[in-house]
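Step one of this worksheet: look at the structure below.
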Amino acid sequence: MEIRYTILLVIFGCALVTFIPRVLPLMVLSRIQLPDWAISWLKHVPVAVMAALLAQSLLFSNDKLALYENSLNLIVSLPVFLVAIFTRSLLGTVLTGIICMMLLRLIY
């Protein structure tokens with residue numbers, strides 16, 4: 001099997017492009033003492049990103065609000081959300097979502 005140098009160069013370039021934005025902030029921020037307000041603000045970023053992703057996938061289809069088209073997903077999201085809040089178990093949350101969707105598709 002022959003490896004073309006252009007493809008190898010593209011692979012290394014992609015690795016570099018994904019590596020730099022992840023490592024550079026860690027290197028810079030590890031040397032700086034952030035103020036307390038910045039640390040408390042940064043703690044909310046993962047939750048905000050997850051909420052935005054979930055809202056987009058649950059409420060929109062083809063860039064339009066589509067509650068009826070996503071009704072199964074919306075119904076299943078309620079017990080999944082409750083399991084996630086009360087158990088804080090990723091495995092339990094995923095299994096609840098799979099089982100609820102399977103049962104709902106079997107019925108509906």
Side-chain angles (χ1 to χ4, degrees):
M1 184 159 107
E2 183 180 324
I3 297 177
R4 286 192 242 154
Y5 289 108
T6 56
I7 296 200
L8 192 61
L9 199 63
V10 167
I11 291 172
F12 283 131
C14 290
L16 188 67
V17 165
T18 58
F19 181 75
I20 288 174
R22 294 173 191 215
V23 172
L24 193 62
L26 285 175
M27 289 173 45
V28 170
L29 292 176
S30 68
R31 299 177 193 276
I32 299 173
Q33 180 65 31
L34 292 174
D36 290 336
W37 64 266
I39 292 173
S40 75
W41 182 80
L42 286 171
K43 287 182 181 178
H44 297 290
V45 171
V47 175
V49 169
M50 184 58 76
L53 291 172
L54 282 174
Q56 182 180 6
S57 66
L58 286 176
L59 302 175
F60 291 91
S61 180
N62 296 329
D63 294 331
K64 293 182 182 177
L65 186 64
L67 296 177
Y68 181 73
E69 292 174 7
N70 297 332
S71 60
L72 288 178
N73 294 342
L74 286 170
I75 293 169
V76 168
S77 68
L78 296 175
V80 168
F81 183 69
L82 291 174
V83 168
I85 291 293
F86 290 118
T87 66
R88 299 199 184 271
S89 166
L90 180 62
L91 180 63
T93 303
V94 170
L95 288 177
T96 301
I98 290 171
I99 291 169
C100 288
M101 185 59 84
M102 182 181 69
L103 291 174
L104 202 58
R105 285 188 177 175
L106 185 68
I107 295 168
Y108 190 61

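Just so we're clear, the structure is a prediction, and the values are computed from it rather than from any experiment.
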Once you round to the nearest 0.5 Å, how far does [atom1] of [X] lie from [atom2] of [Y]?
| X | Y | atom1 | atom2 | value |
| --- | --- | --- | --- | --- |
| Asn73 | Leu78 | CG | CG | 11.5 Å |
| Phe12 | Leu16 | CZ | CG | 10.5 Å |
| Met27 | Ile32 | CE | CD1 | 12.0 Å |
| Tyr68 | Ser71 | OH | OG | 6.5 Å |

Taking side chain as C-beta onward, heavy atoms only, is [X] less than 4.5 Å from [Y]?
| X | Y | value |
| --- | --- | --- |
| Leu34 | Leu42 | yes |
| Leu58 | Asn70 | no |
| Leu53 | Val49 | yes |

Cluster link Phe81 to Val83, ILVMFWY, side chain under 4.5 Å: no
Sequence-distant partners of Arg88, side chain to side chain contact (heavy atoms under 4.5 Å, CB included), two or more places apart: none
Minimum-distance pair of heavy atoms, taken over all atoms of Leu59 and Leu74: CD2-CD2, 3.8 Å
Non-hydrogen atoms of Pro46 and Lys43 that approach each other most closely: CD-O, 3.6 Å
Listed pairs under 3.5 Å, donor-acceptor, residues 91-108 side chains, sequence neighbours left out:
| unit_1 | atom_1 | unit_2 | atom_2 | d |
| --- | --- | --- | --- | --- |
| Thr93 | OG1 | Ser89 | O | 2.7 |
| Thr96 | OG1 | Gly92 | O | 2.6 |

